[in-house]
Amino acid sequence: MRELILVIDEGTTSTRAMLFAPDGRCLGSEAAELEQSYPESGRVEHDAAEIWNKTLAVSRAVIERAGGAEQIAAIGITNQRETIVFWDRETGEPLAPAIVWQDRRTAAICRDLREAGNEPAVQAKTGLLLDPYFSGSKIGWAMANWPQLKAAGDRLAIGTIESWLIWKLTGGLHITDATNASRTALMAIGSGHWDDGLIELFGAPRAALPQIVDCAGRFGETTLFGAAIPICGIAGDQQAATIGQSCLKPGETKATFGTGAFVLTQAGAIPPTSRNRLLSTIAWQLGGRRAYALEGSVFVAGSLIQWLRDALALIGTAAETEALARSVPDNGGVYCVPALSGLGAPWWEAEARGAISGLSFATGRAHIVRAALEAMAYQAHDLKTAFAADGVDWECLRIDGGMVANDWMAQDLADMLGVHVERPKFAETTALGAAMLAGVGCGLFAGLEEAAIMRGAVGTFEPALDDDRRGARLSGWQRAVESVIRAA
């Protein structure tokens, strides 16, 4: 009996294929970096063809290492959310650049819609706010500005990254799962269907959109690797990480620190309502039944460290940041507000720009790097305050993502949040969640509770900072954020 699960984890800066055993062991991994282009300030694009070609290559490499497609029970797919792809149904080729979730080109469109009084209705239907982050305004902008899309007529297909990959893997199956659909601002999350009013509001062509399906099941198969392999699990990256962290009961909370930072608290079978500018989203859909989550989204996390490395040359590798942070006793009065793609929750200031403040002749490289790492805990604290105001405070935070390999940062999260922080020994929980869904979809597990065995062991961090020092640091952060918002 086949038991191995192949996971395609398509992120913002890389695409990976990973092989999992049913007990959660990762048996192999292959990754390829992806290029992002920045044609203008605030614009971020991907080449969808590059994403597909590199995804195909890393998948082939891992399947060969496994002994061939005959060894693979199922494929699970998880992906960067909100990034939108436009392609030709006949040729299977992209018609335009993919617009990335970080892209802010529709800030004015969203502001106009908000000023016209549309946000309450959009939030009530979608659980989202009017912000360029979500796919709907991106689609409307593309339809108005890229004539080749309208010229394609019935040949036009539009979808988020998992839709694009599934189309290419299967040779024409056009589907999206409920978690990714819930991030487009075109889906009514209560009904689980595309909404005609939202489609009209944003100017999206309904005929080009995919069919919405569950997160686990048998959705089609690929024969590109020799023997047929079914695609059995699909979820956006943050929902997959929530599952991979076994946040299966209401109140259980995870935070992923990857390119951005995303906190999700499991909310059960009823969509939560936020009065503090958090998001209501679908955590997963199985058998047509949806579980929901409350979400706080921060746009810049690991990408800030990448920027320090690549644009400012302050560090050679991300791994250096821990030693640098430990090399100074404090931040020296330096604060970094990483609004390089605007500010996300709970501020939602699309036109805010980043700032490093408090510089003096005493400031060194280590202070700036430490301030960048501290910004992760500060942004998390802002979210915790908003979650608590919505009646969902955190008692424990389960963390994952590339940044949390940094022990200093993990401890700083515990210190600044004042809560128990839990980090799994295997930190790639996004891929693990996709594996769990695929295991359920192909019948290896009866449900997510049984699949949770894949999570494995965890380590813990306990708060050790006194209230006075915590309060002083947070006051400095508050002043820094307010100055950025005033300047927006």
| said: Can a donor-acceptor pair be found, under 3.5 Å and without considering hydrogens, that links the side chain of E462 to the backbone of G418? | reply: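 Side chain of E462 to backbone of G418: no pair is present.
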| query | Using the ring of each side chain (for Trp, its six-membered ring), is W101 parallel, tilted or perpendicular to F299, with breaks at 30° and 60°? | reply | tilted
| query | Once the angle between the rings of W348 and F134 is folded into 0 to 90°, is it parallel (under 30°), tilted (30 to 60°) or perpendicular (over 60°)? | reply |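 Correct class here is tilted.
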| said: So, taking the atom named CG in D177 and the one named CG in L437, what distance separates them when rounded to the nearest 0.5 Å? | reply: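 Those atoms lie 8.5 Å apart.
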| query | Hey, what do you get for CD1 (I305) to CD (E320), rounding to the nearest 0.5 Å? | reply |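 The distance works out to 11.0 Å.
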Note, [X] side chain near [Y] side chain (heavy atom, < 4.5 Å):
X	Y	answer
Q245	R455	yes
Q80	V100	yes
W167	V85	no
E295	R183	yes
R16	V58	no

| query | Aromatic ring centroids of W87 and W164 under 6.0 Å? | reply |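 Ring-ring flag for W87/W164: true, centres closer than 6.0 Å.
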| field | Candidate list Q266, Q238, E422, test side-chain hydrogen bond (donor to acceptor under 3.5 Å, both in side chains), partner K254, passing option | value |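 Exactly one pass, corresponding to Q238.
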| field | Test side chain to side chain contact (heavy atoms under 4.5 Å, CB included) applied to F387 and D382, T253, L278, the passing residue | value | L278
| said: I51 and side chain to side chain contact (heavy atoms under 4.5 Å, CB included): which single residue from L56, L165, T83, N79 fits? | reply: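 The option that passes is L165.
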